[in-house]
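As structure tokens, the structure follows; a few thoughts come after it.
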Amino acid sequence: YSAAVSYGLDEGKLRLGAEVLGELGIANAPGPAGQHRLHAGPTLSWTLGRTGRTAGVMAGLSPNAPKLMPRLIWAVAL
């Protein structure tokens, strides 16, 4: 599950935001598949034409989550 908010800085092309990302574990599963994880952090998005790029660094909020998780997302609108 995830949730995010953002605010347009440059006529909607550049956006600053925050994101929360969670992963639910599978009941009775061994190893990482059975663990819940929660992350949160800032994002910076840039849209140009039909393409978009988002970069962010998520901090682990649960004990079994990685301390930092950098992310880079690239998308194309079809």
Side-chain angles (χ1 to χ4, degrees):
Y1 56 92
S2 65
V5 295
S6 65
Y7 178 76
L9 299 175
D10 180 26
E11 299 176 9
K13 293 180 182 179
L14 188 63
R15 301 184 72 80
L16 183 63
E19 183 177 5
V20 175
L21 171 69
E23 299 173 354
L24 297 175
I26 300 171
N28 301 322
Q35 299 175 351
H36 301 295
R37 296 186 183 128
L38 183 62
H39 308 83
T43 61
L44 182 64
S45 301
W46 179 50
T47 304
L48 181 62
R50 294 177 31 182
T51 63
R53 297 143 191 92
T54 300
V57 177
M58 307 287 270
L61 301 178
S62 58
N64 55 348
K67 298 290 182 204
L68 289 176
M69 185 173 65
R71 296 176 12 140
L72 180 61
I73 300 168
W74 178 71
V76 176
L78 299 176

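Everything quoted here is computed from the prediction, not taken from an experiment.
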For this session: Mind running side chain to side chain contact (heavy atoms under 4.5 Å, CB included) on M69 and L21 for me, showing each step along the way?
Result: CA-CA 11 Å; M69 185 173 65; L21 171 69; 3.8 Å; yes
Exercise. When rounded to the nearest 0.5 angstrom, what is the spacing between NZ in K67 and CE in M58?
Worked result: 15.5 Å
For this session: Among T47, L48, L44, find the one that has a side chain to side chain contact (heavy atoms under 4.5 Å, CB included) with R53.
Result: L48
Exercise. Do L16 and L14 sit in the same hydrophobic cluster, where Ile, Leu, Val, Met, Phe, Trp and Tyr count as joined when their side-chain heavy atoms come under 4.5 Å apart?
Worked result: yes
Problem set entry | A65 backbone acceptor or donor facing R37 side chain under 3.5 Å | no
Exercise. Is there a path from L72 to V76 through hydrophobic residues (I, L, V, M, F, W, Y) whose side chains come within less than 4.5 Å of each other?
Worked result: no
For this session: For residues S62 and H36, report the shortest heavy-atom separation together with the two atoms involved.
Result: OG-O, 3.7 Å
Exercise. Does a side-chain heavy-atom distance below 4.5 Å link L38 with Y1?
Worked result: yes
For this session: Taking all non-hydrogen atoms of both residues into account, name the closest pair between L78 and R50 and its distance.
Result: CA-NH2, 3.8 Å
Exercise. What pair of heavy atoms forms the shortest contact from G60 to H39, and how long is it?
Worked result: CA-CD2, 4.1 Å
